[in-house]
Amino acid sequence: MREFDYSTVPHYRMYGFIRVVFSPLVKLLFKLKYKGNENIPQDDTRYIVAINHTCAFDPIFAALPKEMPPLHFMAKVELFSNPIVGWFITHMYGFPVKRGKGDTTAVEYGEKILEEGHVMAICPEGTRVKDKNGVPQRAKAGVAVIAKATNSQVLPVAICCKNKIKIGERVTVSIGKPITQEEMFFDKDDFGPKDIRNAANLVMDRITELWEAEVK
């Protein structure tokens with residue numbers, strides 16, 4: 001696997017080209033419907049896009065609205081072992097993370113993305129949901145750790161489908177209101193590890209609420 005360069009946040013033209021060219025096709029194949037696009041910040045708000053992890057297309061689904069800026073997203077390091085796949089994911093602003101190993105390099109790169117004015121996407125669950133009904137699961141701490149370190153809000157996005165996501169199924173992407181630093185209690189004087197977990201759970205709760213509104 002080619003070593004990923006965490007030193008700089010690059011700009012690739014391919015991202016915009018792929019999004020423009022293939023967006024209509026993806027929307028058609030998955031019968032995509034979007035709700036809450038008006039909740040996507042259009043000012044200088046610093047935020048992280050948090051998505052429930054239902055399938056490999058989740059970051060693509062979230063990235064397609066014209067209101068959504070380019071998303072730099074965490075992807076499991078195993079995907080980068082194939083040089084062709086790794087090259088493509090890198091040029092689509094994906095960056096590798098070693099799951100379950102406290103990958104501080106990936107976390108610091110995520111912080112760099114936000115500090116430089118870009119938007120990062122993350123699946124708080126950390127892995128794809130194995131539940132056959134796609135019920136969102138508990139969040140890992142990472143989304144809250146990065147949000148607090150970068151003074152960022154979190155934009156909850158729910159990928160919703162009543163069946164297993166595949167071509168021909170109707171998929172709704174529901175975008176909630178940004179979760180502020182105050183709502184996550186990041187302004188507490190005695191903020192600690194338990195509060196980090198609570199903030200991550202709050203993010204997942206908001207995503208679950210959006211998901212349940214569409215699926216149940």
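What you are looking at is a predicted structure, and each value in this text was computed from that prediction instead of being measured. In this chain, residues are counted from 1 in sequence order.
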Is there a donor-acceptor pair closer than 3.5 Å between any side-chain N or O of [X] and the backbone N or O of [Y]?
X    : Y    : answer
E125 : Q137 : yes
K31  : G168 : yes
Y109 : T104 : no
S81  : E78  : yes

Does the separation of the ring centres of Y6 and F4 fall below 6.0 angstrom? yes
Just to verify, what does [X] make a side chain to side chain contact (heavy atoms under 4.5 Å, CB included) with, not counting sequence neighbours?
X    : answer
A62  : I51, L71, V157
F185 : K188
I167 : L29, F30
A56  : R128

Residue pairs involving residues 202-216 (criterion side-chain hydrogen bond (donor to acceptor under 3.5 Å, both in side chains); sequence neighbours excluded): K35-E214, E183-R206
Which residue pairs pass the side-chain hydrogen bond (donor to acceptor under 3.5 Å, both in side chains) test when at least one of the two sits in residues 46-66, sequence neighbours left out? R46-E115, H53-D58, T54-D58
Please step through side chain to side chain donor-acceptor pair (under 3.5 Å) for the pair Y15 and H72, ending with a clear verdict. CA-CA 10 Å; Y15 182 99; H72 297 252; over 6 Å; no
